[in-house]
Amino acid sequence: MPDRFAPGDLVRTYLHDPPHHTRLPRYARGKRGVVVETEGGAQLADVSAQGRDDAPVEQVYAVRFAARDLWGEGDHHVVLDLWESYLEEDPEDER
């Protein structure tokens, strides 16, 4: 499974509110982060939590967010493990 993102890539999480379980925390939706590392493939929890046996395997990424970007304050960072389908290239990444 090829990696869509590499460490150092700027990404943004999708801003969506699905009618089912998701492992993308509400506080991180639509937020900008930086890929720290790839963590390998895993079944997409959003599908497997529904009791379905057709969950796709996706790459999981450790993504670092500034606490200030998530909650409006704090000078530390938070790292979340996120599936590839939760992420998109950051349109503001001008590299």
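Values below: every heavy atom of this structure, side chains too, minus hydrogens, waters and symmetry copies. Residue indices begin at 1 and follow the sequence shown.
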For Gln59 and Thr38, test the side chains for any donor-to-acceptor distance below 3.5 angstrom and give the result as yes or no. no
For Arg64, side chain to side chain donor-acceptor pair (under 3.5 Å) partners two or more places apart: none
Mind checking side chain to side chain contact (heavy atoms under 4.5 Å, CB included) for Pro19 and listing every partner two or more places apart, or none if nothing turns up? none
Does Arg32 pair with Asp90 as a salt bridge, N-O distance under 4.0 Å? yes
Compare every heavy atom of Ala62 with every heavy atom of Glu39, then report the nearest pair and how far apart it is. OE2-CB, 3.4 Å
Sequence neighbours excluded, the answer for salt bridge (Lys or Arg N to Asp or Glu O under 4.0 Å) partners of Asp53 is none
Residues pairing under ring-ring contact (aromatic ring centres under 6.0 Å, His included) where one sits in residues 31-51, two or more places apart or in two chains, turn out to be none
Val34 side chain near Val63 side chain, heavy-atom distance below 4.5 Å: no
Report yes or no: do Tyr86 and Val36 belong to one cluster of Ile/Leu/Val/Met/Phe/Trp/Tyr joined by side chain heavy-atom distances under 4.5 Å? no
The complete set of ring-ring contact (aromatic ring centres under 6.0 Å, His included) pairs with one or both residues in residues 34-59, sequence neighbours excluded, reads none
For Arg29 and Pro18, which heavy atoms make the closest approach, and how far apart are they? NH1-CD, 4.4 Å
Quick one: list whatever passes salt bridge (Lys or Arg N to Asp or Glu O under 4.0 Å) with Arg4, sequence neighbours left out. none
Contacts satisfying ring-ring contact (aromatic ring centres under 6.0 Å, His included) that involve residues 23-75 (not counting sequence neighbours) are Phe5-Tyr61, Tyr27-Trp71
Hits for salt bridge (Lys or Arg N to Asp or Glu O under 4.0 Å) against Arg23, two or more places apart or cross-chain, chain-then-number order -> none
Note: Ala28 and Leu80 closest approach over all heavy atoms is CB-CD1, 3.7 Å
By the salt bridge (charged side-chain N to carboxylate O under 4.0 Å, His left out) test, which pairs, at least two apart or in different chains, include something from residues 73-86? none
Do the side chains of Leu82 and Thr13 get nearer than 4.5 Å, heavy atoms only? yes
Whether Thr22 side chain and Leu24 backbone form a donor-acceptor pair below 3.5 Å: yes
Quick one, Glu88 and Tyr14 - any side-chain contact, counting heavy atoms below 4.5 Å? yes
State whether the side chain of Glu58 and the backbone N or O of Gly41 hold a donor-acceptor pair below 3.5 Å, judged by distance alone. no
Would you check if the side chain of Trp83 reaches a backbone N or O of Val57 as a donor-acceptor pair within less than 3.5 Å? no
Would you indicate whether the side-chain heavy atoms of Leu15 and Lys31 approach each other to under 4.5 Å? no
